[in-house]
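Below, chain A is the first sequence line, B the second, and so on; all start at residue 1.
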Amino acid sequence: AQSVTQLGSHVSVSEGALVLLRCNYSSSVPPYLFWYVQYPNQGLQLLLKYTSAATLVKGINGFEAEFKKSETSFHLTKPSAHMSDAAEYFCAVAIYNFNKFYFGSGTKLNVKP
Amino acid sequence: DTGVSQNPRHKITKRGQNVTFRCDPISEHNRLYWYRQTLGQGPEFLTYFQNEAQLEKSRLLSDRFSAERPKGSFSTLEIQRTEQGDSAMYLCASSLTRGGTEAFFGQGTRLTVV
């Protein structure tokens with residue numbers, strides 16, 4: 001079975017500081033991994049995805065994530081937070097036949113001026 | 001390509017009433033998913049279609065819920081005899097079939113049952 005755990009339901013950083021959002025997954029087969037961002041009352045927008053190519057994945061808005069199989073992790077980082085990054089972030093896992101995506105419970109990122 | 005479109009964006013209904021939501025996927029996408037999201041939670045899988053065939057339904061989807069995708073195009077999600085516990089954001093997503101492809105989400109329909 002597949003599952004995703006996001007550590008920290010709320011993360012607060014200062015503008016310009018490093019953003020680190022944690023995601024650990026469980027999958028019995030090699031997974032595909034995703035990070036999505038959600039702004040209030042909006043749908044989910046893809047930030048980046050890991051599909052078994054490079055383990056370091058770069059996404060939109062300066063975000064990147066590294067797939068670490070040994071740690072079953074796919075943490076999301078951004079070197080310097082902007083106020084516009086304040087949103088909720090979801091990590092998701094899917095397997096090869098893509099019949100469903102399993103989402104974590106989300107991490108709300110607050111960016112302080 | 002205008003993305004995944006969901007209507008209505010908001011729905012307020014009285015308990016016991018029936019509601020229907022519509023999702024128009026990206027035109028070339030043959031997979032369509034429905035998810036439910038409650039406050040403070042990630043999206044939970046409800047069901048998915050491959051073209052017009054409904055291939056899987058979550059145990060979360062009670063008999064009061066039904067989804068259709070006639071002709072493999074748009075989809076509808078109907079909730080009969082709504083309950084307050086049905087209040088949530090209902091998200092639709094679509095994707096291609098090939099591996100490694102992401103799901104594209106609509107903006108959701110927020111249902112409030114009063």
Look at the aromatic rings of Tyr36(A) and Phe105(B) and report parallel, tilted or perpendicular, splitting at 30° and 60°.
perpendicular
Non-hydrogen atoms of chain B under 4.5 Å away: do they reach the side chain of Leu46(A), the backbone, both or neither?
side chain
Salt bridge check, Glu56(B) against Lys100(A): does any charged N sit closer than 4.0 Å to a carboxylate O?
yes
Would you mind checking which part of Leu91(B) comes under 4.5 Å of any heavy atom in chain A, side chain (CB onward), backbone (N, CA, C, O), both or neither?
side chain
Residue part contacting chain A, namely of Gln37(B), when any heavy atom lies under 4.5 Å:
side chain
Note: Glu78(B)-Arg64(B) ion pair, threshold 4.0 Å (strictly below):
no
Using the rule given for side chain to side chain donor-acceptor pair (under 3.5 Å), can you reason through Asp24(B) versus Ser5(B), listing the C-alpha separation, both sets of side-chain angles and the distance that settles it, and then say yes or no?
CA-CA 5 Å; Asp24(B) 288 89; Ser5(B) 177; 4.9 Å; no
Heavy-atom cut-off 4.5 Å, strictly under: side chain, backbone, both or neither for Gln38(A) against chain B?
side chain
